[in-house]
Structures are given as structure tokens and as C-alpha cells.
2 protein chains.
Amino acid sequence: MTDRREFLQSAMAGAAGLSITNLSLAKSILGNAITADDFASIKSEIDKRHDESLNRLQNWIKLPSVAAENRNMNEGCQLMMDMLKEAGFQTIRKMPTDGHPGVFATLDSGAPKTVGLYFMYDVKQFDPKEWSSPPLDAAILDRPNVGKILMGRGAVNQKGPEATFLAALHAIRGAGKKLPVNLVFVAEGEEEIGSPHFGQVVHQPEVLEAFRKSIGVYMPSASQDLDGTVMTTYGAKGVIELELVSSGTKWGRGPAKDVHSSNKARLDSPAWHLVEALATLVTPDGQDPAIDHFADKARPISDAERKMIATAARRLNEATAKKSLGAQHWLHDASFEESLQLLCSRPTVNIEGLVAGYTGPGGKTILPGRAVAKMDLRLVPDMTAKEAAEALKAHLAKRGFGDIEVNVTGGYDPTSTPVDSLISRAEKSVCGRAGIEPIELPRTAGSWPGYLFTGDPLKLPASHFGLGHGSGAHAPDEYYVIESANPKVRGMDGAALSHVEYLYELAAMS
Amino acid sequence: MTDRREFLQSAMAGAAGLSITNLSLAKSILGNAITADDFASIKSEIDKRHDESLNRLQNWIKLPSVAAENRNMNEGCQLMMDMLKEAGFQTIRKMPTDGHPGVFATLDSGAPKTVGLYFMYDVKQFDPKEWSSPPLDAAILDRPNVGKILMGRGAVNQKGPEATFLAALHAIRGAGKKLPVNLVFVAEGEEEIGSPHFGQVVHQPEVLEAFRKSIGVYMPSASQDLDGTVMTTYGAKGVIELELVSSGTKWGRGPAKDVHSSNKARLDSPAWHLVEALATLVTPDGQDPAIDHFADKARPISDAERKMIATAARRLNEATAKKSLGAQHWLHDASFEESLQLLCSRPTVNIEGLVAGYTGPGGKTILPGRAVAKMDLRLVPDMTAKEAAEALKAHLAKRGFGDIEVNVTGGYDPTSTPVDSLISRAEKSVCGRAGIEPIELPRTAGSWPGYLFTGDPLKLPASHFGLGHGSGAHAPDEYYVIESANPKVRGMDGAALSHVEYLYELAAMS
């Protein structure tokens with residue numbers, strides 16, 4: 001479900017190229033937390049452990065945990081715990097939930113600061129037939145102008161970046177250094193099905209207690225675009241995913257099963273019933289939400305956010321963005337800047353899929369007994385997933401569509417993190433030394449379950465961090481760059497180094 | 001496409017049982033056209049040739065011609081011609097069309113009257129996995145309370161009844177008798193895809209000339225329900241089958257492909273565009289046609305038709321009909337009699353299927369670039385298929401949906417045949433002697449391409465005839481009764497005898 005990554009890739013498409021300075025890091029001074037020599041020795045340890053780190057990632061990809069298919073869930077959880085142990089975590093606990101288990105772990109290095117981490121050990125479903133290299137082979141391939149890539153399910157979402165973070169921990173320890181911060185860690189195995197039970201992990205008293213000591217939480221990511229650009233966002237929309245099901249059985253009208261279409265003359269149609277219900281959910285042009293009270297609490301964008309978007313609009317390339325989406329016009333013929341405002345600030349009511357009756361080639365003369373719309377609703381602060389589902393149900397009931405089932409399959413609240421938090425400032429700092437000025441947006445239009453950290457009761461900053469590049473999350477041929485052909489883009493080792501820098505930066509910054 | 005059969009089966013469900021008298025036919029007097037002895041010798045010839053007739057049907061089923069899959073079309077056409085030759089037709093011509101070929105044949109027995117026949121040599125697609133006996137095995141199975149059945153694709157729609165008619169011709173000739181009527185014959189191989197080129201066969205000058213000499217046209221059918229009931233209809237609704245396709249490409253708005261659903265905030269949605277367009281095609285309750293001018297020419301039912309329906313309503317069983325459809329209420333809470341009026345008289349706008357975006361289990365956060373509604377529109381006299389498609393296109397264009405493609409995949413005009421035509425009176429007469437009083441309806445709500453005979457320029461009566469029973473047209477486990485367990489229902493030999501009777505009746509009646 002976390003689709004923050006897909007959003008960022010479509011948003012960044014065609015970002016204006018940046019002049020990136022020399023990546024030499026040995027001479028950088030990371031506050032007072034590390035000497036240049038110590039940093040060089042960690043870097044050399046990363047290089048030395050390249051094969052070990054790559055093998056760890058490949059082994060992980062070869063064990064896919066897919067929550068939707070109840071596949072390898074306990075095995076994946078165990079492997080996650082084993083890897084944490086090897087990386088130096090001291091307490092590691094499997095956290096049972098009403099669904100698949102999560103993991104809670106801590107690493108106390110006696111440092112003054114504690115940093116929170118969020119991992120997922122599950123991956124999205126995949127169909128090997130659609131891949132050019134088997135999705136569980138984790139094969140290393142040469143891709144012209146990109147470099148050596150690892151192709152496999154989870155390569156970028158999220159095993160690659162997570163294994164890269166673990167490589168950073170191994171390198172720091174291998175170089176004989178103590179971690180500059182303490183770590184508190186939670187992982188879940190249901191991220192790809194909307195994190196339905198992750199709250200049961202985070203809200204355990206001992207987990208809350210441990211995270212309360214942290215300065216903020218981040219998830220390792222590969223945040224660079226193919227040209228080296230990084231986009232930073234200060235939050236994410238919330239989402240609920242659901243099916244609307246209209247059936248003769250539930251309705252009590254129309255047929256209870258598919259019948260010959262000639263009977264339309266004397267029977268109601270659950271498919272038409274669904275179409276009529278759907279039409280009420282949006283404005284008459286079909287494009288804006290019209291669910292009663294759905295967006296009552298939607299917070300308008302602030303002046304500061306508006307300014308941030310204006311700057312981003314200047315740096316992003318509209319033509320490339322449109323091309324990558326196959327779009328000629330933005331909604332309501334908005335300007336590019338307005339389109340980014342829409343993206344950051346508008347709640348949405350989207351049809352993901354329609355399924356009714358005969359769906360094969362040609363036609364079949366039936367009157368279907370059942371019709372389904374698959375939908376996602378995106379939420380902005382201060383809307384909540386719970387209230388959005390309630391608004392939808394009340395809206396339908398009020399209009400005579402109370403028989404239509406609203407089956408919410410997942411979702412969570414929006415999440416926001418302050419622009420000036422340590423975890424965000426440290427990211428800017430690491431990027432800056434790498435010659436990267438991140439493009440900033442108030443929030444992604446995609447979603448991730450950050451609200452569990454940013455919302456009650458923790459109210460922590462929460463974001464993503466990591467240089468490096470990958471693509472194809474949720475799609476065939478997902479990949480992660482191991483060795484980059486473009487000096488502006490980090491390979492796996494360079495990305496591991498970015499995590500080392502980040503940890504020291506977090507330790508050093510005030 | 002011909003779905004007249006499915007309609008009849010759902011309409012007849014639970015017809016009041018009839019007292020059927022002794023089937024002994026030898027003593028019947030078929031006008032002056034045949035003596036009882038001659039009739040008995042033909043009957044004995046049918047019995048003698050039972051295996052030969054059954055083998056002919058089985059061989060036919062083993063060669064499925066499926067127009068939608070371009071499968072065995074020339075082979076199926078050739079087999080049709082070979083069977084006509086064996087049955088005594090004198091001129092047999094393959095009739096090329098812009099699609100798959102038809103067949104035109106004649107049998108001149110020097111009789112005063114000429115009768116037209118309509119055959120199809122194609123069958124509906126099938127998925128062997130769904131069948132309890134392989135659909136091309138044409139296996140003979142025992143079915144409790146039904147008898148020995150032949151299971152296979154085409155068993156009842158329409159190879160079984162057609163092969164039964166051919167068996168009647170063989171028996172008459174085998175008994176040394178001359179056919180009491182001359183025959184003119186046309187067949188098509190595209191019936192199951194909506195007969196798109198059958199007009200090119202019928203409208204050939206030599207075919208028109210031959211058919212102009214006929215008293216009417218019929219297609220062999222197995223018209224008995226499981227309890228022996230026969231339903232007679234005096235026409236059929238017309239139909240157009242089509243896909244409405246909304247796409248970003250054609251629209252010029254929204255994405256040209258599936259993109260991440262977060263982009264709904266800044267992009268139009270072709271799926272919502274389709275939903276809004278669909279909602280305009282029906283009344284606000286979703287259940288009656290609202291396409292501008294669609295039904296302008298719809299002819300209301302006459303008083304005579306109303307009376308006929310009232311009688312049928314008394315003989316049919318409402319509870320059984322509802323049960324077979326899984327329905328609790330008729331459209332608009334109509335009474336049973338009103339529901340039959342709707343069925344016979346109302347044009348319909350039906351959704352056969354909806355297909356957009358992600359259609360698998362669970363959800364997928366995409367904004368689809370394309371959405372499709374599969375539809376069928378049923379037409380009553382004096383509507384035409386051409387005008388219906390034009391009305392739909394004009395309706396959409398007028399409301400800003402002109403970009404939505406209207407891809408008509410097949411269809412034809414309504415067909416009506418007089419109650420007092422020779423072919424209808426002869427059916428009643430044959431049924432009457434068998435103790436069957438057919439239930440009559442003004443028209444079926446299903447469709448068949450009878451308009452090519454009943455419309456310009458031929459304006460002939462056209463209907464179906466044949467005792468016997470089968471079921472499962474277009475569905476798995478399609479069957480045709482070879483030996484009937486119920487004395488009120490004819491097996492294949494008894495059905496062949498009904499065709500003999502019918503031909504002599506047609507010859508004798510004035």
C-alpha cells in the first residue's frame with residue numbers, strides 16, 4: 001500500500017538537473033561527532049563489505065513475504081530479526097498482532113540521542129511471467145546509462161534501501177566505531193496491505209516508551225531520481241482503500257446471480273444501481289469529491305506551503321511530468337504550479353477498478369447480479385481514515401444506496417512532519433554536502449503509515465532518508481542500483497555511506 | 001448472440017403442467033398429404049436410422065466452428081454443405097461474405113409449396129475446464145428423470161435440433177417418400193457473434209428470388225421445457241451489443257495509461273468520465289432507458305397482445321420464475337402479468353459488464369487510463385438497430401461525452417411474425433395433436449436475426465419449430481435429450497417425427 005515512492009517518481013519526472021559537486025566526503029566535517037579519518041575508515045569498511053552486503057540483500061529478496069498471499073510471513077519475520085541481530089541490535093522481539101507479526105528492537109550505544117527506525121519486511125505481489133529477469137533471482141544486470149542494477153521484488157520497495165542501512169551499521173561496527181546514536185526499531189509485515197495491524201505494534205507500552213525517547217523516526221529509502229535529484233516531502237496524504245459492492249442479494253432487487261440480459265426489461269440491475277451511486281460521489285463533471293462532509297476538515301495549504309510549491313514548480317519540468325503521465329491537461333486546466341497545489345492539498349475520490357458481469361473479450365448477454373467498484377480516497381490533514389469511511393457510508397445511505405456494501409480493505413490517516421525537525425534538517429545537510437538541493441513539497445500525494453509516529457500519542461517527526469536510486473515498486477522489473485553509471489547518483493555503497501553520514505549528522509546537529 | 005433460447009427458458013420456468021394426450025401419431029390425419037401407413041413407415045425409418053442420425057450429430061459437435069475465434073470456419077461450412085447433400089438438397093452453394101461464409105441450398109421436390117429454412121453452423125465459445133463431460137466428446141450420459149442426453153457444445157444451440165431436422169429428411173427419403181414441400185435453405189457461421197454478415201447472404205438476388213417463393217422460414221429448435229411445455233412467440237426483440245470505451249487518449253484529458261492513483265488530485269479520470277456518461281443513459285433510479293430519441297418509435301403492445309400476455313401469465317408460475325432468476329421483486333414492483341408486459345414491450349439499456357483498471361483480488365492504487373462498459377440494448381418494433389446506435393452516439397455527444405467510443409459489435413432489428421401465418425398455425429396444429437397447448441407471447445425478449453426474413457424486402461413469416469428438449473445454450477454442460485424419461489417430452493427420434501409432421505402439415509394446411 002505504501003505508495004509514497006510511486007508518487008515521488010511521477011512528481012519528480014523531469015526535475016531540473018542540478019550541478020552536483022564532488023562527492024568526496026573524507027574532508028567533510030560532520031559536526032564534532034566524527035573525525036575525517038574515522039569517516040574514511042568506515043567508508044573503506046563499506047567497500048570491503050560490498051559482497052557481504054549485496055549477498056544479504058539477495059538472500060532477503062529470495063525469501064518474499066507477501067501478506068496478501070499469507071506467504072512466508074513467519075519466515076520473513078524471523079529473517080528480519082536475524083539480520084537485526086547480526087547488525088548489532090541488542091533486544092529483538094517478535095510482536096504478534098491480530099494479523100502478521102511485527103518486530104520491535106533496540107540498539108543502545110550509550111549515546112545521548114536516540115533515533116527511531118521504521119522497516120517493512122513484506123513485499124508486493126508479483127507475477128514472474130511479467131518480469132524480464134525472475135523476480136526472486138535478485139540478479140545483477142547491466143543497464144546502459146544506469147549501471148549495475150539488482151532486479152527483484154522488493155529491490156527498491158523496500159529491501160534494497162533497508163539492507164543498505166544495515167550495511168551502514170555493519171560498516172560502523174566493522175571499523176571499530178560505536179554508533180553515534182541509539183536506535184529504536186519497529187518493522188511490520190503488512191505494509192503492502194495497508195498496515196492494518198501496525199498500530200498494535202507501535203502502541204505496545206514498551207514500544208511507545210522506547211520511541212518517546214527518540215528525536216524522530218525514519219524509513220530508509222532510495223530517494224534519488226535517475227539524474228540525482230532528491231525530493232523531500234513533509235508528510236503524506238492519508239488513504240482509505242475500499243470496494244463498493246452492489247448485489248441483488250443484498251439489495252433485495254434485481255437478480256441474485258447473473259441472468260440472461262433480456263430480463264433487464266423486468267428486473268432491476270445491481271450494475272446500474274452501482275453506477276447511480278458512484279455518480280453521486282463526485283461533482284457532475286466527475287472529477288471532484290462530492291461525498292457529504294468528506295472534506296469538511298481538509299486543511300487548506302498555508303502561505304509557507306504555497307511558497308514551497310512555487311519553488312518546486314520552477315525546478316520541476318511540466319512537459320516531462322505530463323509526458324510521463326501521458327497527460328495533456330491538468331485537472332480543471334490548472335497551471336503547473338496549481339497542479340502541484342492540487343496534488344498536495346486536495347482530497348480525492350478515485351476509481352481504481354470496475355468489475356461487473358462479463359469482463360472477457362467481446363460481449364455476453366447477461367444482466368449481472370453483482371457489480372464492484374474498487375476505490376481509493378486520499379485524505380489531507382486534518383481528515384481521518386475513520387471519518388472518511390463513515391462519511392461515505394452516511395452519504396450512500398442518505399441517497400438510497402445503503403444496501404451497497406462499503407468494504408474498507410485498508411487505510412490510514414494523513415501524516416505531517418515539521419520542516420525544521422532534526423531528521424529533516426539533517427537530510428538537507430547530508431544532501432547539501434553531496435551537492436544536492438532537494439526539491440521540497442509540503443506532502444506527497446501518495447501515502448505511508450507515518451501517522452503512527454506523527455499522530456497521537458507519539459507526535460514525533462517522521463520521514464524517509466537515503467541516497468541511491470531504484471524504480472519499479474509494485475511493478476515488474478523492480479530494481480535497485482548497486483553500482484551507478486552516473487556520478488550524481490549513489491550506488492549501494494554510496495547510499496550506505498549516506499546513512500553513515502546521516503546518523504553522525506543526527507548525532508551532531510542541535 | 002441468438003439468445004432467444006435463454007429467454008424462453010427463463011420465461012417458461014414453472015409453466016403450469018399440461019395434460020398431454022397419447023403421443024400415438026399413426027392414426028392422425030395430416031390433412032390429405034399423407035396416409036397413416038406412409039406416416040408409420042417414415043416413423044419406422046426414423047427408428048431404424050437412430051444410430052446414423054445420432055452419429056451425424058456427434059460428428060458435427062466434434063467439429064466446432066467458433067466465429068469469435070476464427071476456428072474451423074471453412075471446415076464447418078464444408079461439413080454443413082456435405083450434410084445438406086446427403087440429406088437430398090440438389091443445389092448447394094458456399095456463400096462468401098465479408099466475414100465467414102454462409103450456405104445457400106435448395107431442394108425441389110416438385111411440390112406446390114416451398115418452405116424456407118434457417119440454420120447456423122457455428123457454436124458459442126466454451127471453456128472445457130467448466131464442463132463435467134468434455135464439450136467436444138458429444139458423450140451420451142444418463143440423467144435421472146431426464147433420460148439419455150447428449151452433452152456437448154452446440155447440443156441444443158443449434159446442432160441437435162438441426163441434425164434432428166436432417167434426420168427427418170433422411171427418414172422421409174428412406175421410406176421412399178417424396179418431400180411434401182420444396183425447401184430453400186440458408187445457413188450462416190456467425191450467428192454467435194451477432195450475424196454481422198448474414199444479410200450479405202440473404203440479400204443475394206438468387207437467394208431473395210428463391211425465398212420469395214416460400215410461405216415462410218423457420219429454424220429447427222428444441223422448444224419443449226423439461227415438463228413438456230412449449231412456448232410460442234410471434235417475434236423477438238432486436239438488439240445491439242456494444243462497448244463504451246472511455247480513454248485518456250481519445251478524451252485528451254486524464255492519463256493515457258494507468259498511472260499512480262495519487263495523481264487523481266491533478267488529473268481527470270476516464271473511469272469517472274464513463275460513470276458520468278453511463279448515468280445519463282438511464283432514469284435517475286438507474287432502471288429505465290433515458291437515451292434521447294432511443295425509444296421514439298417503440299410500438300406499444302396492442303390489445304390482442306395484452307390479452308395473449310394475460311393468458312400466459314395465468315399459465316406461467318410467478319414464484320418459480322422469480323426463484324429461477326433469484327429475484328424478489330419485478331422492476332417497478334410490477335405484478336407478474338405486468339412483468340411479462342415489460343418483458344415483451346420494453347426497450348432496455350443493459351450493462352453486461354464493467355471493466356476498468358485493476359480487476360483482481362483486493363485493490364491497486366492506480367488511476368486507470370481506460371474504462372469500458374459492455375452493454376446490450378434491446379429493441380422493440382418499430383425501432384431499428386441502426387437508429388438505436390445513432391441515438392446513443394448523438395445522446396453522448398450532446399452531453400459532452402462525444403469522445404467516448406461507441407463500438408457496436410453486433411446487432412439487428414426486431415422481428416415480428418403474424419399469429420395467423422401458416423408456419424405458426426402448423427406449429428399449433430402439430431403441438432395440439434401431441435396434447436400440447438403452447439403458451440403464447442407476442443415476442444421473446446431475447447433476439448434472433450429473423451428480421452432478415454420478416455423485414456424488407458422479403459416480409460415473410462419466420463419462426464422456430466421443433467419438439468424435444470435441451471438446455472445450457474452458451475453455458476457449460478449444454479445438452480440435448482436423445483431418449484426422454486418423460487413421455488411428455490420428445491427424444492431425438494420423436495423430435496424428428498415432429499419435423500415430419502410439420503412438413504406434411506405445412507403442405508396440407510391452407
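Protein chains get the first letters and strands the later ones, always in sequence-line order, with residue 1 at the start of each. Given the structure is predicted, the values throughout are model-derived calculations rather than measurements.
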A/Thr365 vs B/Arg378, side chain to side chain contact (heavy atoms under 4.5 Å, CB included): CA-CA, chis, key distance, verdict:
CA-CA 10 Å; A/Thr365 49; B/Arg378 305 262 170 190; 3.5 Å; yes

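Most heavy-atom pairs under 4.5 Å with chain A, from the set B/His329, B/Glu338, B/Met375, B/Gln287: that is B/Gln287. Put simply, of B/Gly357, B/Gly400, B/Ala356, B/Ala256, the one with the most heavy-atom pairs under 4.5 Å next to chain A is B/Ala356. Chain B forms more heavy-atom pairs under 4.5 Å with one residue of A/Val259, A/Leu342, A/Ile351 than with any other, namely A/Ile351. Taking chain B as the reference chain and counting heavy-atom pairs below 4.5 Å, the highest number among A/Gly353, A/Ala265, A/Pro255 is found for A/Ala265. In terms of heavy-atom pairs under 4.5 angstrom with chain A, the leader among B/Gly252, B/Gly248, B/Ala327, B/Ala277 is B/Gly252. For chain A, the option among B/Pro289, B/Gly369, B/Pro284 with the highest count of heavy-atom pairs below 4.5 Å is B/Pro284. Counting heavy-atom pairs under 4.5 Å between each of B/Gly254, B/Gly326, B/Ser345 and chain A puts B/Gly326 at the top. Between chain B and the residues A/Gln125, A/Lys257, A/Glu276, the most heavy-atom pairs under 4.5 angstrom are made by A/Glu276.
Residue B/Thr348 holds its OG1 atom at 9.5 Å from CG of A/Leu367, rounded to the nearest 0.5 Å. The CG atom of A/Asn350 lies 9.5 Å from the NE2 atom of B/His260; values are rounded to the nearest 0.5 Å. The CD atom of A/Gln328 sits 8.5 Å away from atom OG1 of B/Thr249, with the distance rounded to the nearest 0.5 Å. Note that CH2 of B/Trp272 is 5.0 Å distant from CG of A/Leu278, once rounded to the nearest 0.5 Å.
In this structure, chain A has a heavy atom under 4.5 Å from the side chain of B/Lys237, while its backbone stays farther away. Of the two parts of B/Ala68, neither the backbone nor the side chain holds a non-hydrogen atom closer than 4.5 Å to a non-hydrogen atom of chain A. Using a 4.5 Å cut-off between heavy atoms, B/Thr283 contacts chain A through its backbone alone, with no side-chain atom that close. Of the atoms belonging to B/Glu243, it is side-chain heavy atoms, and not backbone ones, that fall under 4.5 Å from chain A. Proximity to chain A involves both the backbone and the side chain of B/Val349, based on heavy atoms less than 4.5 angstrom apart. No part of A/Asp288 comes within reach of chain B, as not one of its non-hydrogen atoms sits under 4.5 angstrom from that chain. For A/Ser269, the parts lying under 4.5 angstrom from a heavy atom of chain B are both the backbone and the side chain. Residue B/Val275 touches chain A through both its backbone and its side chain, counting heavy-atom pairs closer than 4.5 Å. Neither the backbone nor the side chain of B/Asn407 comes within less than 4.5 Å of any heavy atom of chain A. Within the 4.5 angstrom heavy-atom criterion, no atom of B/Ala334 approaches chain A.
In this structure, the side chain of A/Lys374 does not engage the main chain of B/Pro361 through any donor-acceptor pair within 3.5 Å. Between the A/Arg253 side chain and the B/Trp330 main chain, a donor and an acceptor come within less than 3.5 Å of each other. With hydrogens and angles disregarded, no donor-acceptor distance shorter than 3.5 Å links the side chain of B/Lys264 to the backbone of A/Pro347. For the pair A/Glu352 (side chain) and B/Lys364 (backbone), a donor-acceptor distance under 3.5 Å is present.
Residues satisfying the side-chain contact (heavy atoms from CB on, under 4.5 Å) test with A/Thr359, not counting sequence neighbours, are A/Val355, B/Val355. Residues satisfying the ring pair (Phe, Tyr, Trp, His ring centres under 6.0 Å) criterion with B/Phe401, sequence neighbours excluded, are B/His273.
Of all heavy-atom pairs spanning A/Arg266 and B/Leu340, the tightest one is NH1-CD2, 3.9 Å. A/Asn263 and B/Leu325 get closest at one heavy-atom pair: ND2-CD2, 3.5 Å. Taking both residues in full, the closest heavy atoms of A/Ser261 and B/Asp376 are given as OG-OD2, 2.8 Å, listed atom of the first, atom of the second, then distance.
Side chains of B/Asp268 and A/Leu331 form a contact here, defined as non-hydrogen atoms less than 4.5 Å apart.
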